[in-house]
There are 2 protein chains.
Amino acid sequence: LLEMERVEKIYGQGEVQVLALRGVDLEIEEGEFATVFGPSGSGKTTLLNLIGALDKPTGGTVKLNGCEIGQMSKNELAGLRRKDIGFIFQSYNLIPVLSAYENVEFALTIARKDRSREKKTQKVKDILRRVGLGDMMHRRPNQLSGGQKQRVAVARALVKEPRLILADEPTANLDSETSREVLEIMLRMNRELNTTFIFSTHDPMVMEYARRLLEIRDGMISRDERRS
Amino acid sequence: LLEMERVEKIYGQGEVQVLALRGVDLEIEEGEFATVFGPSGSGKTTLLNLIGALDKPTGGTVKLNGCEIGQMSKNELAGLRRKDIGFIFQSYNLIPVLSAYENVEFALTIARKDRSREKKTQKVKDILRRVGLGDMMHRRPNQLSGGQKQRVAVARALVKEPRLILADEPTANLDSETSREVLEIMLRMNRELNTTFIFSTHDPMVMEYARRLLEIRDGMISRDERRS
Ligand SMILES: Nc1ncnc2c1ncn2[C@@H]1O[C@H](COP(=O)(O)OP(=O)(O)OP(=O)(O)O)[C@@H](O)[C@H]1O
Ligand SMILES: Nc1ncnc2c1ncn2[C@@H]1O[C@H](COP(=O)(O)OP(=O)(O)OP(=O)(O)O)[C@@H](O)[C@H]1O
Ligand SMILES: [Mg+2]
Ligand SMILES: [Mg+2]
């Protein structure tokens, strides 16, 4: 599903350059449940942004389903992200003027998977209930706690059932019981739909669930381990 | 230092009301190192906002140093927050157009504790180095990782050496090594300057450091424990 070869990402120009990723080689197959972990500032978010085609590498190649994202047009990338990739951002990125329900519905609408209106409503309500937000669907982000906003971000990525979900520290603001509920939903999607999950995390519980462990330090993968 | 009696906080009006805090009684003495913990949505941020005079209770009284915050004018409250209270927000609230250095310096400037310019510069650089951001002081928030932004928020609250620091999930986006470094800085401030710390957290490491444990569930304190 994903092939990264000698990937580099440099921020800034001229004198002040930050080498966020310094030569990453990585292959991830469909259906994997992988997590990237490592110190703050080590490059996890940068890596996920490249995998999710939110950004382009400054060196090396990133291929999703055999397509090199560095060669794709803006429209092709946008279409890929809308339909096939669900992204849970480290800072949620919810739309402030929309309710939790509308934020999730919007993601499903733009994924254009042509379902009936009733089916769409059902899917949106179902995922929001499953992350424990059933009775606050109509609230806007500024009327929700930190962990509730995080769960709206989770619901929004999961509702369109994409092939690949990239979750950047999805449990950072959740208590352990809620974290477990969220991880169980994701594990079930992985088993039933073969959805590929790539997490970045500091949370030992997420690492517990992962079957592929990728340690990153100073922009390089220092350890790559599979386990059952 | 802090007295809360029968404190209630209700969001919303008319039909749709959310009882975020339902009668909280709490006393915290100067020099305590306390943490509030509990499920997502249980009322931690709401509680900290009331203690920090960022919001007023809808019922009951909140007294800081004997002054009832419900009776204070806007100016008096603003003065109190600027000088005596350091707040680390769950979503950081950094000023986007200022660098990390300027964000921290700004907090020290408005605290008006009348230090020489050199002393101020020294304090700002010192706290930023201690949280590991020494070589990225000149970057703006959008050039920093999630955990780096969180540490700027920490530095900004600590630099003015206030009597009370309220930290809303200050380690949520930090790896364990960095979390420990931040907690050690806070513990040292607590011992050397008798700074009072009240945390809200989901992180077991923060709970490990706390000498006062306050469990909150559905807007009420369900457990209140002191230990050495
Ligand atoms: N402006 C608002 N309008 C309505 N309800 C609100 C508002 N702000 C917060 N709430 C609700 O009040 C309750 C307490 O929120 P609070 O932010 O204090 O929770 P928390 O314990 O900090 O949660 P977390 O661990 O997820 O950060 C939640 O159910 C939340 O949805
Ligand atoms: N726009 C930018 N300009 C300059 N440097 C940047 C920029 N964005 C990120 N960086 C730097 O690139 C490095 C990697 O950042 P990244 O956000 O990927 O880290 P991370 O592993 O996600 O950290 P955290 O665990 O704190 O979220 C960091 O040192 C960061 O400061
Ligand atoms: Mg990150
Ligand atoms: Mg909160």
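Just so it is clear: chains get the letters A, B, ... in the order the sequence lines come, proteins before strands, and each one is counted from 1.
No more than 12 heavy atoms of other residues, nucleotides or ligands shown are found within 6.0 angstrom of CD on A/Glu177. Within a 6.0 Å sphere centred on CG of B/Asp25, heavy atoms belonging to other residues, nucleotides or ligands number more than 12. Atom OH of A/Tyr11 has more than 12 heavy atoms from other residues, nucleotides or ligands within 6.0 Å. By the 6.0 Å contact criterion, NZ on A/Lys120 is enclosed, its count of non-hydrogen atoms from other residues, nucleotides or ligands being greater than 12. A/Asp218 CG: 12 or fewer foreign heavy atoms inside a 6.0 Å radius.
Of the residues considered (B/Thr201, B/Leu174, B/Thr178, B/Thr46), B/Leu174 shows the highest number of contacts with chain A, using heavy-atom pairs under 4.5 Å. In terms of non-hydrogen atom pairs under 4.5 Å with chain A, the most contact-rich of B/Met136, B/Arg151, B/His138 is B/Arg151. In terms of heavy-atom pairs under 4.5 angstrom with chain A, the leader among B/Ser145, B/Pro204, B/Ala172 is B/Ala172. For chain B, the option among A/Asp168, A/Thr45, A/Val18, A/Val16 with the highest count of heavy-atom pairs below 4.5 Å is A/Val18. For the set A/Gly132, A/Gly147, A/Ala20, A/Gly12, the count of heavy-atom pairs under 4.5 angstrom toward chain B peaks at A/Gly147.
Between the side chain of B/Asp175 and the backbone N or O of A/Ser40 there is at least one donor-acceptor pair closer than 3.5 Å.
Considering CG of B/Asn173 and CG of A/Asp203, their distance stands at 11.0 Å, rounded to 0.5 Å.
For B/Glu169, the part lying near chain A is the side chain, with the backbone staying farther off; criterion is any non-hydrogen pair under 4.5 Å.
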